[in-house]
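Just so you know, these numbers come straight off a predicted model, no measurement behind them.
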Amino acid sequence: MITVANNKRKSLAKSPIILNIDFPKELLNKYNIYDEAIIINLKGNMKINSKRFNGININDYEITYVNDDIYFEDYNILEKYCKKDIYEALIYKKQPFENIIKKVKKDNVKIAALIANNTII
């Protein structure tokens, strides 16, 4: 179940999992955050300044999929960009969401690692 609430102070203090869609780091660090929370940041790097925070702060991820050659045979850009960024750019087209899901399943895309502030999970 997902709870959406207007009271940021209470929600951040009690939530074991926080999906951060648009809070900037300055605003997020003004609130008390549950000490053992898992924070998933969708907008990039975020650092929690609280000394009491002992949770996991996920800032990025890595993927694997079936056949790298399909997408990277014409591209010599793996040194400059992440696999996930290239894959997302190649599958993003003006098409229904269902087609994108089918493509991701066909390519057998898996999350290989979650990148937190100080570790890779």
Side-chain angles (χ1 to χ4, degrees):
M1 178 181 352
I2 297 176
T3 303
V4 178
N6 284 338
N7 191 330
K8 299 172 203 131
R9 187 172 311 281
K10 284 183 182 178
S11 296
L12 290 171
K14 293 180 179 181
S15 297
I17 299 174
I18 300 167
L19 184 61
N20 182 15
I21 296 171
D22 63 353
F23 259 38
K25 80 172 95 174
E26 297 81 22
L27 184 59
L28 189 63
N29 281 310
K30 287 183 180 180
Y31 295 100
N32 290 328
I33 299 171
Y34 180 62
D35 295 342
E36 301 293 323
I38 298 171
I39 302 173
I40 303 167
N41 296 300
L42 299 180
K43 282 224 170 184
N45 291 342
M46 176 81 65
K47 180 143 177 77
I48 305 300
N49 295 333
S50 172
K51 292 180 181 181
R52 291 185 54 190
F53 181 71
N54 196 26
I56 299 171
N57 187 10
I58 298 170
N59 288 312
D60 206 357
Y61 64 96
E62 294 177 3
I63 63 169
T64 60
Y65 42 89
V66 174
N67 192 354
D68 286 345
D69 298 335
I70 293 172
Y71 296 105
F72 300 118
E73 64 187 10
D74 296 332
Y75 304 99
N76 190 11
I77 53 178
L78 281 176
E79 292 90 28
K80 295 180 183 178
Y81 301 100
C82 298
K83 267 185 173 181
K84 71 171 179 70
D85 295 334
I86 296 168
Y87 184 79
E88 287 173 3
L90 290 171
I91 68 165
Y92 179 74
K93 297 175 184 159
K94 203 170 200 177
Q95 61 181 333
F97 182 69
E98 293 81 21
N99 292 352
I100 294 172
I101 294 298
K102 286 178 189 174
K103 179 73 174 148
V104 169
K105 286 181 181 179
K106 179 183 169 211
D107 290 341
N108 198 20
V109 176
K110 305 283 184 201
I111 294 177
L114 298 172
I115 302 171
N117 273 356
N118 298 326
T119 187
I120 296 177
I121 303 169

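A heavy-atom distance below 4.5 Å is not found between the side chains of N32 and R52. Between N54 and E36 there is a side-chain heavy-atom pair separated by less than 4.5 Å. Counting only heavy atoms from C-beta outward, the side chains of F23 and L12 approach each other to under 4.5 Å.
Nearest heavy atoms, N7 versus K10: OD1-N, 3.2 Å. A pairwise comparison of heavy atoms in S15 and A37 identifies O-CB, 3.6 Å as the closest pair. Shown here for K84 and I63, the closest heavy-atom pair between the two residues is CA-CD1, 3.7 Å.
Of the residues N41, L42, I40, the one that meets the side chain to side chain contact (heavy atoms under 4.5 Å, CB included) test with I21 is L42.
Annotation: the span from I39 atom CD1 to I33 atom CD1 amounts to 4.5 Å, rounded to 0.5 Å. Here the straight-line distance linking atom CG of L114 with atom CG of N59 works out to 11.0 Å at 0.5 Å rounding. Between the CD1 atom in I56 and the CD1 atom in I48 there is a gap of 13.0 Å [rounded to 0.5 Å]. Distance CG/L19 to CD1/I58: 10.5 Å, rounded to 0.5 Å.
Y34 and F53 fall into different hydrophobic clusters, where Ile, Leu, Val, Met, Phe, Trp and Tyr side chains are chained together by heavy-atom contacts under 4.5 Å. A chain of hydrophobic side-chain contacts below 4.5 Å, direct or via other Ile, Leu, Val, Met, Phe, Trp or Tyr residues, connects V109 to I121.
Side chain of N29 to backbone of N49: a donor-acceptor contact under 3.5 angstrom is found.
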>> Let's go through N45 and K47 carefully: what are the C-alpha distance in whole Å and the side-chain angles of both, what is the deciding distance for side chain to side chain donor-acceptor pair (under 3.5 Å) to 0.1 Å, and is it a yes or a no?
In response: CA-CA 7 Å; N45 291 342; K47 180 143 177 77; over 6 Å; no

